[in-house]
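Indexing begins at 1, ligand by ligand and atom by atom, following the structure's order.
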Amino acid sequence: MPKLSVIGAGTMGTGIAQVAATAGWDVVINDTNSDILEKSSASLVKVMNRLVEKEKIDRETADKILGRIDFTEDQQYFENSDLVIEAIIENLEIKQKVFKAVEEIVREDTIIASNTSSLSLASIGASLKDPSRFVGIHFFNPAPLMPLVEIIPAVQTAEETTKQAKDWVDSWKKLTVLAKDTPGFIVNRVARPFYGESLRMYEEGIADLPAGQAGFATIDWAMKELGGFRMGPFELMDFIGNDINYTVTETVFASFFYDPRYKPSFTQKRMSEAGFLGRKSGRGYYDYAEGAVKPEPKKDEKLGQQILDRTLVMLINEAADALFLNIASREDIDTAMTKGVNYPKGLLKWADEKGIDWCVEKMDALYDEYREDRYRCSPLLRRMKDKKQSFYG
Ligand SMILES: NC(=O)c1ccc[n+]([C@@H]2O[C@H](COP(=O)([O-])OP(=O)(O)OC[C@H]3O[C@@H](n4cnc5c(N)ncnc54)[C@H](O)[C@@H]3O)[C@@H](O)[C@H]2O)c1
């Protein structure tokens with residue numbers, strides 16, 4: 001079996017180590033902080049005990065998995081690794097420094113990868129003497145439970161590196177998709193309107209209730225009840241953390257040279273500034289205090305359908321544009337959204353069901369109403385409408 005080294009024993013590093021060790025790989029986890037290494041080790045023991053209790057695995061298997069993972073502050077243990085995955089703080093300078101040091105330790109044929117969510121792989125890879133062995137391997141949180149992994153070659157990455165990385169991650173029973181090295185890769189790019197358009201409708205007061213109560217509960221209701229999404233956008237933002245979700249939005253916006261389609265919302269910025277971070281702070285859009293009363297949505301089907309349609313067409317437009325710009329294949333874009341963020345359907349498949357004419361007309365109606373670049377229709381959808389094509393037809 002090949003050997004994996006993980007740099008960073010935080011949330012993602014610990015999860016990735018569990019995935020590889022479960023698939024039979026020997027793993028070394030490294031961190032500069034010994035307390036974090038101890039915490040990581042203790043959390044893995046806890047997870048394995050829980051899996052045994054629930055009879056998902058037997059004791060012997062759990063002990064074998066734990067026995068395959070070593071914890072160390074010393075990166076010399078990376079010497080024999082076939083693959084190194086970095087999951088440290090999201091800071092380009094620090095990552096580059098770490099990669100420079102790692103390259104001096106590992107073999108010449110060791111593949112070196114980053115789990116970055118928002119930095120460009122090209123910029124991280126540029127720190128290596130041989131960037132052709134470098135690739136992005138982007139897991140979702142929690143790594144042991146989320147099936148999707150985005151594989152992102154940088155411009156410097158050799159084809160064999162991408163192929164080998166994909167084969168290895170596939171062998172860990174993950175679903176891999178290939179994405180171009182552009183901001184947000186697939187999932188964090190295509191999902192932006194789920195939050196952005198909901199926030200926009202909320203700011204416009206579209207769903208406000210007669211009593212003056214803000215309408216986010218109605219938007220959540222519409223997206224769940226009529227759209228089949230597992231969580232409403234405001235529930236999801238509260239779950240992710242309004243600070244984290246805002247930072248991702250702001251980073252994607254800046255990375256796209258301030259394309260208005262990704263413009264962040266003042267509502268979200270103020271929530272974050274006020275410390276209304278969501279579940280973790282006890283209050284976000286919803287109040288999580290014990291006994292707090294949840295606001296009631298306005299269950300108006302016509303209004304609900306308008307809310308769903310507007311968000312859905314913006315999501316479809318984003319997915320179509322990702323395909324238009326060759327960020328990923330049709331199948332990978334649909335897989336990414338159903339397996340990475342649990343959407344009820346692939347967005348391109350959904351576009352076919354609604355009809356390409358419907359998508360173009362809805363986008364054009366929004367554009368006509370607002371005259372904002374944010375609502376520009378993807379050229380791909382327009383072309384497909386003219387040629388009477390569908391994504392899977
Ligand atoms: N948390 C998520 O939902 C998520 C999802 C996908 C990708 N990511 C990405 O994964 C990476 C890690 O995120 P996280 O949430 O696990 O962070 P985290 O804060 O939980 O863990 C980071 C760990 O790295 C350690 N570290 C910092 N500098 C180090 C160094 N020089 N050498 C070794 N260890 C060092 C820290 O001590 C810390 O334990 C980031 O790049 C993030 O963008 C995070």
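Under the 4.0 angstrom criterion, atom 19 (O) of ligand 1 counts as lacking any protein heavy-atom contact.
For ligand 1 and K95, the ligand atoms under 4.0 Å from any heavy atom of the residue are 40 (C), 41 (O). Close approach of ligand 1 to E90 (heavy-atom distance below 4.0 Å) involves ligand atoms 40 (C), 41 (O), 42 (C), 43 (O). Atoms of ligand 1 lying under 4.0 Å from at least one heavy atom of S117, given by number and element, are 6 (C), 7 (C), 8 (N), 9 (C), 42 (C), 43 (O), 44 (C). Ligand-side atoms of ligand 1 in range of V98: 31 (N), range being under 4.0 angstrom from any heavy atom. Proximity to N30 (heavy-atom distance under 4.0 Å) selects the following atoms of ligand 1: 33 (C).
Shortest contact from atom 2 (C) of ligand 1 to any protein heavy atom: M12 SD, 3.7 Å. Annotation: atom 32 (N) of ligand 1 to nearest protein heavy atom, T32 CG2, 3.5 Å. Regarding atom 3 (O) of ligand 1, its nearest protein heavy-atom neighbour is N141 CB, 3.2 Å. Distance from atom 21 (O) of ligand 1 to its nearest protein heavy atom, with residue and atom name: G10 CA, 3.3 Å. With hydrogens left out, the protein atom closest to atom 6 (C) of ligand 1 is F139 O, 3.1 Å, a heavy atom. Of the protein's non-hydrogen atoms, A87 O, 3.7 Å is the one closest to atom 22 (C) of ligand 1. For atom 37 (O) of ligand 1, the nearest non-hydrogen atom of the protein is D31 OD1, 2.7 Å.
Note that the CD atom of Q268 and the CD atom of E250 stand 10.0 Å from one another [nearest 0.5 Å]. Note: K385 NZ to K387 NZ = 14.5 Å, rounded to the nearest 0.5 Å. Rounded to the nearest 0.5 angstrom, K349 NZ and E353 CD are separated by 5.0 Å. Rounded to the nearest 0.5 Å, atoms CG (L178) and CD1 (I327) are 12.5 Å apart. Taken to the nearest 0.5 Å, the CD1 atom of I111 stands 10.5 Å off from the CD1 atom of I85. Atom CG of N245 is separated from atom OG of S272 by 10.0 Å, given to the nearest 0.5 angstrom.
By the 3.5 Å distance cut-off applied to N or O atoms, Q75 is not counted among the residues near ligand 1. The shortest N or O to N or O distance between I36 and ligand 1 is not below 3.5 Å. Looking at ligand 1, you'll find an N or O of I88 within less than 3.5 Å of one of its N or O atoms. For N115, a nitrogen or oxygen atom sits less than 3.5 Å from a nitrogen or oxygen atom of ligand 1, counting backbone and side chain alike. Remark: ligand 1 and T116 share no N or O pair separated by less than 3.5 Å (distance only, no angle test).
Residue contacts with ligand 1 for H138 involve side-chain atoms from C-beta outward but no N, CA, C or O (heavy atoms, distance under 4.0 Å). When non-hydrogen atoms are compared, ligand 1 lies under 4.0 Å from neither the backbone nor the side chain of F140. Heavy atoms of T11 found under 4.0 angstrom from ligand 1 belong to the backbone as well as the side chain. Only the side chain of I7 comes within contact range of ligand 1, with a heavy atom under 4.0 Å; no backbone atom does.
Of the candidates K173, K174, K166, D170 forms a salt bridge (charged side-chain N to carboxylate O under 4.0 Å, His left out) with just one, namely K166. The ring-ring contact (aromatic ring centres under 6.0 Å, His included) test with F234 is passed by exactly one of Y286, F194, Y195, Y202: Y202. When each of Y343, W358, F229 is tested with W350 by the rule ring-ring contact (aromatic ring centres under 6.0 Å, His included), just one qualifies, namely F229.
Distance alone, capped at 3.5 Å, is enough to place a donor-acceptor pair between the R192 side chain and the N188 backbone. Remark: side-chain polar atoms of Q18 are not paired, donor with acceptor, to backbone N or O of L44 under 3.5 angstrom.
Heavy atoms of other residues, nucleotides or ligands lying less than 6.0 angstrom from NZ of K280 number more than 12.
Contact between A122 and Q156 at its shortest, heavy atoms only, is O-NE2, 3.0 Å.
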